[in-house]
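These notes concern the structure reproduced below.
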Amino acid sequence: MERGTFQLMKSVNRTLILNKIRENAPISRAQIAKETKLTPPTVSSIVKELIEQDLVQESTLGESQGGRKPTLLLVNKNGYYVVGVDAGPTTVVCVLSNLAGEVCKRIVLPITPNQTNESFLSLIKEGITQVLQQASYREKVLGIGVAMHGVVDVTTGTSVFAPVLQLKDIPLQEELENTFGLEVRMENDARAMALGEAWFGEYEPKTNMLTLNLGSGVGAGVLIEGKLYEGAFGLAGEVGHMTIALDGEQCECGNLGCLQAYASAPAITRRANEQMPSMSITTSEEVYQLAEQNHERSIQLLEETGDKIGIGLANLVHVINPALIIIGGGVAKAEKYIHAPMARALAERGLTEAAKSTPITFSEIGDDATILGAVALVLQEVFGS
């Protein structure tokens with residue numbers, strides 16, 4: 001869909017009704033009117049427009065309440081498509097997704113060393129070009145969502161600093177909009193992951209939640225009443241650089257005792273080699289596999305990692321007070337070993353009983369949470385959510 005059409009769609013789709021259908025489908029016109037307090041003629045008129053726009057479709061007949069069986073409504077998941085991009089730090093992943101977050105096409109491109117801003121942009125454009133070839137009608141593509149590694153400026157769509165890639169000031173939004181003629185929305189990858197969980201995970205709508213992304217780094221996304229919290233300068237969620245041990249391990253940022261120096265995948269690998277030098281560990285996945293083979297030191301190391309994460313969570317609970325904590329990223333695959341010590345550390349340090357027992361769950365979406373968060377960046381514009 002061409003640039004500049006989001007506002008038009010919002011004026012037609014009537015956010016209230018469209019989101020009522022999205023969150024409660026299948027639902028009848030009468031039920032929408034009852035729950036939104038809108039008049040039945042108003043609901044019917046707006047629904048008619050939504051059907052004509054291919055955003056909503058009619059479904060099978062519902063249960064009769066004494067008269068005719070009502071026709072039920074749901075979002076037309078294949079009415080439109082969105083391009084999602086997960087950019088860095090080791091690969092560029094591009095997908096074409098329908099409105100339900102079902103991936104129709106996926107392209108994974110490795111990021112080679114010594115990237116420049118120009119070569120990195122070219123790689124992203126190559127992936128987007130390939131997935132767009134899967135779209136039968138270009139006008140059915142609503143836009144492009146980008147989840148970018150590192151610090152981003154969402155107002156300008158700029159990658160301010162991608163630390164692993166050592167790149168700065170990449171004008172991603174401007175470049176992609178000019179190349180493809182589509183609306184582009186951009187977010188930090190950890191915050192995008194939180195949005196992906198909120199949109200496509202099985203959670204209560206509008207839940208205040210904290211999503212912790214444990215991968216090559218440690219980041220978080222905070223959702224308040226279903227909205228991403230950016231912070232005053234776009235740094236909200238950089239929890240990997242929260243100090244949890246004053247004289248602790250040195251982090252790649254130069255400070256001592258950062259959570260990232262204990263809980264990221266590279267940190268686990270480094271600590272494994274320090275504690276088990278004869279093993280020559282190359283990835284955190286190997287530590288997990290050793291634990292699965294009942295290797296006692298590997299189990300202990302992962303449990304220590306869970307404890308450190310729990311200390312970080314206790315700090316975050318006292319600041320943010322989320323109703324739910326979701327753990328995702330590659331390190332989350334070690335749930336079996338990190339979950340209990342994580343919960344125990346939180347219970348030991350929580351100020352109140354409610355804080356001590358803040359629910360901790362592990363991602364239902366798994367590896368696709370970030371890329372689906374990129375998709376959701378565009379969907380929240382269309383749905384006005």
Side-chain angles (χ1 to χ4, degrees), residues 188-199 201-215 217-246 248-249 251 253 255-264 267-268 302-365 369-370 373:
N188 158 270
D189 55 359
R191 290 198 292 264
M193 180 181 137
L195 196 63
E197 292 288 346
W199 270 75
E202 296 296 322
Y203 310 110
E204 288 295 319
K206 311 301 184 190
T207 297
N208 292 340
M209 65 169 68
L210 166 74
T211 300
L212 193 65
N213 187 357
L214 305 170
V218 175
V222 179
L223 281 112
I224 300 172
E225 293 298 308
K227 300 282 188 182
L228 272 179
Y229 178 65
E230 303 283 350
F233 306 108
L235 281 176
E238 288 290 343
V239 302
H241 301 292
M242 166 178 56
T243 302
I244 61 168
L246 283 177
E249 302 278 355
C251 180
C253 74
N255 292 327
L256 297 178
C258 290
L259 177 60
Q260 185 163 303
Y262 296 92
S264 69
I268 292 170
L302 291 175
E303 289 174 344
E304 290 168 358
T305 301
D307 180 69
K308 290 291 192 287
I309 297 168
I311 294 171
L313 290 179
N315 294 335
L316 294 169
V317 163
H318 292 141
V319 175
I320 300 165
N321 193 207
L324 176 67
I325 297 168
I326 303 169
I327 308 296
V331 175
K333 292 182 174 66
E335 174 186 359
K336 176 178 174 181
Y337 304 101
I338 66 175
H339 193 177
M342 190 187 302
R344 187 163 54 246
L346 175 58
E348 288 171 354
R349 290 167 174 79
L351 188 61
T352 65
E353 286 306 314
K356 292 174 185 290
S357 58
T358 304
I360 301 172
T361 187
F362 282 67
S363 173
E364 299 168 352
I365 306 172
T370 301

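- Here the options are Leu259, Val331, Val218, the test is side-chain contact (heavy atoms from CB on, under 4.5 Å), and the partner is Ser264; only Val218 passes.
- Annotation: the span from Leu223 atom CG to Leu195 atom CG amounts to 6.0 Å, rounded to 0.5 Å.
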Inset, instruction - Please step through side-chain contact (heavy atoms from CB on, under 4.5 Å) for the pair Ile320 and Ile224, ending with a clear verdict. - result: CA-CA 9 Å; Ile320 300 165; Ile224 300 172; 5.8 Å; no

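- Evaluation of the ring pair (Phe, Tyr, Trp, His ring centres under 6.0 Å) rule for His339 yields Phe362 as partners, not counting sequence neighbours.
- Between Gly219 and Ala190, the shortest heavy-atom contact is C-CB, 3.6 Å.
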Legend entry - Chi angles and distances behind the side-chain contact (heavy atoms from CB on, under 4.5 Å) call for Met342, Leu313: CA-CA 8 Å; Met342 190 187 302; Leu313 290 179; 3.5 Å; yes

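- Results of the side-chain contact (heavy atoms from CB on, under 4.5 Å) test with Ile327 over Thr211, Thr361, Ile360 single out Ile360 as the only residue that passes.
- Between Ala323 and Pro359, the closest heavy-atom pair is O-CD, 3.3 Å.
- Within the 4.5 Å cutoff, no side-chain heavy atoms of Leu256 are placed close to those of Leu246.
- In this structure, His318 contributes its side chain and Leu351 its backbone to a donor-acceptor pair below 3.5 Å.
- Across all their heavy atoms, Ala267 and Ala261 have their closest contact at CB-O, 3.3 Å.
- Under 4.0 Å is where a charged nitrogen must lie from a carboxylate oxygen, and between Glu230 and Arg191 at least one such pair does.
- For the pair Glu303/Ile338, no side-chain contact is recorded, criterion being any heavy-atom separation below 4.5 Å from C-beta on.
- Taking the side chain as every heavy atom from C-beta outward, Asn208 and Glu225 approach each other to under 4.5 Å.
- Side chain to side chain, Tyr262 and Glu249 fail the donor-acceptor criterion of an N or O pair below 3.5 Å.
- Interatomic distance, Glu238 CD to Asn188 CG, rounded to the nearest 0.5 Å: 6.0 Å.
- Formation of a donor-acceptor pair under 3.5 Å by the Ser363 side chain with backbone atoms of Ile365 is found in this model.
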Inset, instruction - In sequence, state the C-alpha distance, the side-chain angles, and the governing distance for Met209 and Ile326, and then conclude on side-chain contact (heavy atoms from CB on, under 4.5 Å). - result: CA-CA 8 Å; Met209 65 169 68; Ile326 303 169; 3.5 Å; yes

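- Side-chain contact between Leu212 and Ile309 is present, with heavy atoms from C-beta onward closer than 4.5 Å.
- Between Gly329 and Met193, the shortest heavy-atom contact is N-CE, 4.2 Å.
- Scanning both residues, Glu364 and Glu202, for their nearest heavy atoms gives OE1-N, 2.9 Å.
- Between the CD atom in Glu335 and the CG atom in Leu302 there is a gap of 12.5 Å [rounded to 0.5 Å].
- Atom CE of Met242 sits about 11.0 Å away from atom CD of Gln260, to the nearest 0.5 Å.
- Heavy-atom minimum distance, Leu210 versus Ala220: CD1-CB, 3.8 Å.
- How far CD1 of Ile244 is from NZ of Lys308: 6.0 Å, rounded to the nearest 0.5 Å.
- Here the side chains of Arg349 and Ile311 are in contact, with some heavy-atom distance below 4.5 Å.
- By the 4.5 Å heavy-atom criterion applied to side chains, Leu228 and Val222 are not counted as neighbours.
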